[in-house]
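This structure is a prediction, so every number in the text was calculated from the model and none was measured. Ligands are counted one by one from 1 in listed order, and the atoms in each one are counted from 1 as well.
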Amino acid sequence: MTKPNLSSEFQSLFNTVETPRVFFAPGRINLIGEHTDYNGGHVFPASISFGTYALAQKRDDQKLRFYSLNFPSIGTIECDLADLDYNEAHDWANFPKGMINYMRESGLKITTGMDILFYGDIPNGAGLSSSASIEMVTGVLLEGLFDLKIERVQMIQLGQKVENDYIGVNSGIMDQFAIGKGKKGHAILLNCQTLAYSYAPIELNNHVIMIINTNKQRTLAGSKYNERRAQCEQALENLQTVLQINSLGDLTKEQFEQHKHLITNETSQKRAKHAVYENQRTLEAFQQLQRGNLEAFGRLMNESHTSLQQNYDVTGIELDTIVHTAWDQPGVVGARMTGAGFGGCAIAIVEKDKVNNFKKNINKVYSGKIGYEASFYTATIGDGARELTEGVN
Ligand code: GLA
C-alpha cells in the first residue's frame with residue numbers, strides 16, 4: 001500500500017478541519033543477541049525506517065477513538081478514558097489502550113479524550129516489532145499532546161509492561177528500547193540487566209543490510225516464546241543451587257561448561273547454552289564491528305543462527321532455507337534470523353552489487369522448497385520514536 005495522505009485521511013475520518021500533530025515510531029531489526037534480553041544478556045538492535053505513524057488530536061470530552069488504515073474492516077474503535085481495561089473486541093487498539101492505561105497509572109496527567117489515526121508500513125507479522133512500534137508511537141504522542149515529563153527509559157519500560165501484563169507475551173525489553181532510543185546510522189549495544197547502552201555507528205561501505213521476509217504466517221509464536229523463557233528460568237534455578245548469579249547473562253562460556261550438569265532437563269540445558277554463548281557472541285561481535293572487522297562480525301551472525309536452530313529451536317524450515325541459501329551466495333558476509341523467530345524475517349549483510357543476484361537465487365531455492373516467495377527490503381537505520389514536524393502530509 002502506498003503511503004496515503006495521512007492528514008486528509010484524519011480530517012475526513014474524524015470530521016475536522018484542524019491539522020493533527022504527527023508522530024512516528026520505527027520498527028527494529030536485531031543484528032545479533034537473540035533471546036538474550038530476558039536472560040539478562042546483551043542485544044544489538046537498530047531502528048529501521050519502516051514504522052508506525054500516528055496522527056492525533058485532543059478532544060473536549062473523555063472519548064477515545066482509534067482508527068488504523070491497516071485494518072479498515074475493523075473500523076473505528078471507541079472507548080472511554082475511564083475504561084481502559086483489555087478488551088478482546090478492541091483488537092489491535094489494545095496496544096495503544098494499554099499504553100494510555102499504564103502512562104495514566106504511573107501518575108501522568110492524561111486528562112481528555114483523543115482521536116488517533118494509525119498507519120504502519122512495517123510488513124505485517126514480519127517480526128519487525130510492529131506492536132512495540134504502536135506502543136512507542138502512542139507513548140510519544142501522549143508525551144507531546146499533554147506536555148508530559150517522562151524519561152524515555154520509563155516510557156520504554158511501560159511499553160514492555162503492555163506486552164507482558166496487558167497483552168500477555170513475556171517478551172524482554174529489546175524491542176521497545178531499540179525503538180525508543182534508536183539513532184540514525186547506529187545500532188545500540190544494550191545490557192538488558194542494567195540498561196546501560198552505547199551506540200555503534202554502522203558503516204558498511206560497499207555492503208547493505210538486507211531484510212528477508214519469510215512471509216510465513218506466524219502462529220503460536222507467543223506460546224512458544226513463553227515456553228522458551230520458562231525453560232531458561234528453570235535452567236537458571238538449577239544453576240542457582242550452586243552459583244550466585246542473577247541471570248544466565250552473568251555466566252561466561254567456561255563457567256557454563258563447568259556447571260551445566262546442574263541443569264536437570266536436557267532441553268533446558270540447550271536453551272541455557274544458547275543464552276550464555278549468544279550473549280558472549282554479541283559482545284564479541286560489537287568489538288569486531290568497532291575494529292571494522294566485518295568478516296568476523298558476519299561469522300558471528302552465522303554462528304548465532306546455527307545456535308538458534310540447534311539449541312534454541314526457533315528457526316523452522318523457512319528461515320533455515322533462507323539463511324543457509326544466503327550463506328552460499330557470493331558477496332554475503334553473514335546471515336541470520338532476526339527477532340523472535342518462528343517465521344518472520346532474516347537479515348543478511350550483502351555486497352551492494354551482488355544484491356540482485358542474491359534476491360534471485362534465494363527466491364529460486366525458497367519458492368522451490370516452500371511454495372511461495374520471500375520478500376526483500378534494504379534496511380535503512382533511522383531515528384527512534386518522535387514527533388514529526390517536516391515531510392508530513
Ligand atoms: C521478540 C521479543 C524481544 C526478544 C526477541 C528475541 O522480539 O519481543 O524481547 O526477546 O523476541 O531476541
Checklist entry - Taking it one step at a time, do Tyr225 and Tyr38 satisfy ring pair (Phe, Tyr, Trp, His ring centres under 6.0 Å)? => result CA-CA 11 Å; Tyr225 183 97; Tyr38 53 83; 5.4 Å; yes
Next on the checklist: Go through it in stages, so that I can follow the logic: the residues are Gln231 and Thr267, the test is side chain to side chain donor-acceptor pair (under 3.5 Å), and I'd like the CA-CA distance, side-chain angles, deciding distance and then a yes or no.
Outcome noted: CA-CA 8 Å; Gln231 289 163 334; Thr267 307; 5.4 Å; no
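Listed by number with element, the atoms of ligand 1 under 4.0 angstrom from any heavy atom of Met174 are 4 (C), 5 (C), 12 (O). Heavy-atom contacts of Gly172 reach the following atoms of ligand 1: 9 (O) (cutoff under 4.0 Å). Heavy-atom proximity to Tyr225, at under 4.0 Å, picks out these atoms of ligand 1: 1 (C), 2 (C), 3 (C), 4 (C), 9 (O), 10 (O), 11 (O). Shown in contact with Tyr38 at under 4.0 Å from a heavy atom are these atoms of ligand 1, numbered in order with element: 10 (O).
The nearest heavy-atom contact from the protein to atom 8 (O) of ligand 1 is Asp175 OD2, 2.6 Å. Residue, atom and distance of the protein heavy atom nearest to atom 3 (C) of ligand 1 are Asp37 OD2, 3.3 Å.
For the pair Thr36 and ligand 1, the shortest N or O to N or O distance does not fall below 3.5 Å. Some N or O of Glu34 is nearer than 3.5 Å to an N or O of ligand 1, by distance alone.
Gln234 and Asn238 are linked by a side-chain donor-acceptor pair at a separation below 3.5 angstrom, with hydrogens and angles left out of the test.
Under 4.0 Å is where a charged nitrogen must lie from a carboxylate oxygen, and between Glu143 and Arg152 at least one such pair does.
When each of Glu34, Glu303, His305 is tested with Arg336 by the rule side chain to side chain donor-acceptor pair (under 3.5 Å), just one qualifies, namely Glu34.
With rounding to the nearest 0.5 angstrom, the OH atom of Tyr119 is 12.0 Å from the CZ atom of Phe71.
With Arg228 contributing its side chain and Asp313 its backbone, the two residues share a donor-acceptor pair below 3.5 Å.
Residue contacts with ligand 1 include Arg28, since one of its heavy atoms falls under 4.0 Å from the ligand.
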